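Written out below as structure tokens is the structure these notes cover.
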Amino acid sequence: MSLDLPPAQTCAAAWYGPEMTRRTDWQMVLGAGEIAEIEAATRPLAAREADIAAIRPADFPLPTLAPRLKQRVADEVLNGRGFLLMRGLPVERWTMRESATAFFGLGVHLGSARSQNGKGHVLGHVQDLGLASNDPNVRIYQTHERQTFHTDSCDIVGLLCLKTAKSGGLSALVSSSTIFNEMRQRRPDLLKLLFQPVPTDRRGEVPAGQKPYFEIPPFSWYQGHLTAIYQRQYIDSAQRFPDAPRLSPQHVEALDMFDALTNDPALNMFMEFKPGDVQLVHNHTILHDRTDFEDWPEPERRRHLLRLWLAADKARPLPPVFAQRYGSVAVGDRGGIIVRGTRLNAPLEAV
């Protein structure tokens, strides 16, 4: 194979799990003044039941917090280790509308909210809906199953923890740059295969004029950036389409090695969410996962996270092939899922 591999990644995003777990610089604890600023912006919008999907930065003034948060996201999420955990939102005293308004209001200072499904949800609800991933039209976040390491279709994914499960449901992260480095050292022959397009199932959410799967390489090297896009279950389920290119045994071996490395405890890290935590993850350099969980029997206690997909204003360039999934590769206006009839909205419950 003639493809020359990119150089080994020595950037801040190429970290190893145990060393990162011991650090605390990836946490951002909100002060009382910053929380007061968020609540002052939230209350009038929630009181008049403002359309959450229509909130813009000017509608949600954060004169002290916004500049600090934007700088940390630029330095640490987009151009550094690839993630940040903000702690301290008082969700236990907020209504669902207040939590959703506050989270969305924070998010619009970091980028444009993108549709997370064919229904146009720019505010997602991560809950077990009693579904199973063996249904080809179900996405794994709608179940209690382990998700496995994957990326989403945006620049930054944000999660706000409202309630935790009875047990399990830990968040896990691994650096795709580190996976690249390990494969480059151990099996460069297999790594080269991951720079070739593979079909990935759209799970029934098909934009007009597109195939029911997209074909993007798991790894891309473009304008000096190593970018990953990956969801193994959906790569496997795309093989159900007769016209999808078949995975060779060598491709399967390469994907299996990728998966094995993501699950290596020497490479990944786990964190336990607390109510009020906001996790921000750079999809292009970090794969995220969630362990399976047992939920509470009482509906009002069950695990519940809110999710945002954001197109960041100062994001990296993406190769043109990403337009198959992102709709566009224009910085600040890309990502998400739009199908025929999609209308953007921010539901206050999982629907």
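Only heavy atoms go into these numbers, but all of them, side chains included; no hydrogens, no water, no symmetry mates. Values in this document were obtained by computation on a predicted structure and should not be read as measured data.
A salt bridge does not link Arg316 to Asp155: none of the charged side-chain nitrogens sits closer than 4.0 Å to a carboxylate oxygen. In summary, Arg43 and Glu98 do not engage in a salt bridge, as defined by a charged side-chain N under 4.0 Å from a carboxylate O.
For the side chain to side chain contact (heavy atoms under 4.5 Å, CB included) with Ile337, the lone residue among Gln116, Glu205, Arg114, Arg203 that qualifies is Glu205. When each of Arg23, Lys70, Arg81 is checked for a salt bridge (Lys or Arg N to Asp or Glu O under 4.0 Å) with Glu76, only Arg81 meets the rule. Exactly one residue among Val278, Val281, Leu69, Asp75 makes a side chain to side chain contact (heavy atoms under 4.5 Å, CB included) with Leu84. That residue is Leu69.
Within a 6.0 Å sphere centred on CD of Glu272, other residues, nucleotides and ligands contribute 12 heavy atoms or fewer. Within a 6.0 Å radius of CZ in Arg246, other residues, nucleotides and ligands contribute more than 12 heavy atoms.
In this structure, Phe195 and Phe180 have perpendicular ring planes: the angle between them is above 60°, well past the 30° mark. A tilted orientation is assigned to the rings of His284 and Tyr326, their planes being inclined by 30° to 60°.
The closest donor-acceptor contact from the side chain of Ser220 to the backbone of Tyr222 lies at 3.5 Å or more, if one exists at all.
The shortest distance between side-chain heavy atoms of Ile338 and Pro207 does not fall below 4.5 Å. Under the 4.5 Å side-chain criterion, counting only non-hydrogen atoms from C-beta, Arg290 is not in contact with Leu170.
Taking CE of Met20 as the start and CG of Leu267 as the end, the distance is 12.5 Å to the nearest 0.5 Å.
Between the side chains of Arg325 and Ser153, a donor-acceptor pair is found at a separation under 3.5 Å.
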